[in-house]
Number of protein chains: 2
Amino acid sequence: MDIAASGGLGALTIGSLAERTGMSKSGLFAHFKSKEALQTQVLEAAGEAFVADIIRPALAAPRGEKRITVLFECWLEVSRDGRAECLFTSAAWEYDDQPGPVRDLLVRMNLDFNDSLCQMFRTGIAEGYFAEGADPEQFAHDLHGIMLIHFQAHHLLHDPKAEERARRAFARLIESNR
Amino acid sequence: MDIAASGGLGALTIGSLAERTGMSKSGLFAHFKSKEALQTQVLEAAGEAFVADIIRPALAAPRGEKRITVLFECWLEVSRDGRAECLFTSAAWEYDDQPGPVRDLLVRMNLDFNDSLCQMFRTGIAEGYFAEGADPEQFAHDLHGIMLIHFQAHHLLHDPKAEERARRAFARLIESNR
DNA sequence: GCGGACGGTGAACGATCGTGCTATTTTCGA
DNA sequence: TCGAAAATAGCACGATCGTTCACCGTCCGC
């Protein structure tokens, strides 16, 4: 997961993993059966980390605006530390026109995350935190966009104001859905 | 540019380009001196396409909201057709933690684009289309975020509602800066 | 007319890739 | 304790990568 997080899924080769772990290539290959399986398993593991570090803390928070805020802050923290969860954003661009099981898995995870966002927002509506007529899909879309541009501003540009801007955009998004 | 646009900058190897063009690897290498030079030159070319297809049409439009809208619509069109300009969004993730001239160029181009956005917004303020107190940097940040999530929704998820959502988010962004 | 750039080819190099195959070691339950 | 099973290693293979080098035409300035 470290290798893939810093260099993309493409950098996660059986050879690089062998060097990193000190094991032989053939020994690793026997474990993972194929490179594709290695990649998908690492993606799955990163998905679990995503749930553990972002989704679960949010679900542990009070419903409504607070829950969405916790999710957002957890995302910021994970992005700040460059943890494995960043895999998704980069892998999504790496494999978006490269059919196969890796892409399929990425699509599924993306849809799952989107569903989680929508669900959180919907309960927020039901609890009266957000406007009745608000569109959950649109909210998830917009929030995800804020996350993506923050990721780019932080990791590519090393913009020190990245978090501040992300928070401002988030506040405006929440405000306009209140 | 075709190769890099569909498969990422990493797929643009001297070998793949040789096969695509029908030339020999060594012949191509003599042209580009190195793989890195090939990549940066392709990026530069994509940058010119970006200016020609997105920045210039916007600058040809009336100042203010109309100009920003034209820029946004041109971006949508380019993204829809999967043209070379899409290189930037994917390359940004491919090289964001891979130091070197490619990364440096990506950063520079990103900053340039950001400046263009800010400038357009600033003249929009001066002409009275946007609020006096609006923050150009924040606007550029938010608009870029909409573009990124649209790109992902369109190219990874093939979401048919991607453009509709992007337009809605854009309209809301404009509205809140009016 | 001739000599040197220029554009291009072909073969070869060392790396690295994924993937097999055959051992050998380690682990663990009966 | 023993034997099966799992884990790991070693070696080799064909591809592909970037890069180098020795060539070969084709043009253009002198």
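None of these values were measured; they are calculated from a predicted model. A note on names: the letters A, B, ... follow the listed sequences, proteins ahead of strands, and every chain is numbered from 1. These numbers come from the heavy atoms of this one structure, side chains and all, not from hydrogens, waters or symmetry mates.
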*Between A/S16 and A/I3, which heavy-atom pair has the shortest distance, and what is it?*
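Heavy atoms of A/S16 and A/I3 come nearest at O-CD1, 3.8 Å.
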*Looking only at heavy atoms, what is the nearest atom pair of B/G10 and B/T13, with distance?*
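Nearest heavy atoms, B/G10 then B/T13: O-CG2, 3.7 Å.
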*asked:* Please verify the inter-ring angle class for B/F121 with B/F130; under 30° counts as parallel, over 60° as perpendicular, anything in between as tilted.
replied: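 Judged by the thresholds at 30° and 60°, the geometry between B/F121 and B/F130 is parallel.
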*Classify the side chain of A/S26 and the base of D/dG10 as holding, or not holding, a donor-acceptor pair under 3.5 Å.*
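Donor-acceptor pair under 3.5 Å: yes.
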*Do A/K25 and C/dG18 have a side chain to base donor-acceptor pair shorter than 3.5 Å?*
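Yes.
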*Hey, quick one: are A/I174 and B/I146 part of the same hydrophobic cluster, counting side-chain heavy atoms closer than 4.5 Å, chains of contacts allowed?*
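Different clusters.
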What's the [atom1]-[atom2] distance between [X] and [N], to the nearest Å?
{"X": "A/L28", "N": "C/dC17", "atom1": "CG", "atom2": "P", "answer": "12 Å"}
{"X": "B/L17", "N": "C/dG8", "atom1": "CG", "atom2": "C1'", "answer": "14 Å"}
{"X": "B/F29", "N": "C/dC13", "atom1": "CZ", "atom2": "P", "answer": "18 Å"}
{"X": "A/K35", "N": "D/dT16", "atom1": "NZ", "atom2": "C1'", "answer": "12 Å"}
{"X": "A/Q39", "N": "C/dG18", "atom1": "CD", "atom2": "P", "answer": "8 Å"}
{"X": "B/I3", "N": "D/dC17", "atom1": "CD1", "atom2": "C1'", "answer": "14 Å"}
{"X": "A/M23", "N": "D/dG10", "atom1": "CE", "atom2": "P", "answer": "11 Å"}

*Tell me what A/A30 touches on the nucleic acid: a base, only sugar-phosphate, or nothing, going by heavy atoms under 4.0 Å.*
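A/A30: base contact, heavy atoms under 4.0 Å.
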*Which of residues 6-14 of chain A sit near DNA chain D, with a heavy atom under 4.0 Å from it?*
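The answer is none.
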_Validation row: A/E94, A/L106 side chains within 4.5 angstrom (heavy atoms)_ =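 Answer no - side chains too far apart.
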*asked:* For A/F113 together with A/F50, are the ring centres under 6.0 Å from each other?
replied: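 Ring centres of A/F113 and A/F50 closer than 6.0 Å.
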*Under a 4.0 Å N-O cut-off, is there an ion pair linking B/E175 with B/R172?*
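Result for this pair is no, no salt bridge flagged.
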_Side-chain N or O of B/H31 closer than 4.0 Å to phosphate OP1/OP2 of C/dG7_ =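 So the side chain of B/H31 is outside the cut-off, no N or O lying under 4.0 Å from OP1 or OP2 of C/dG7.
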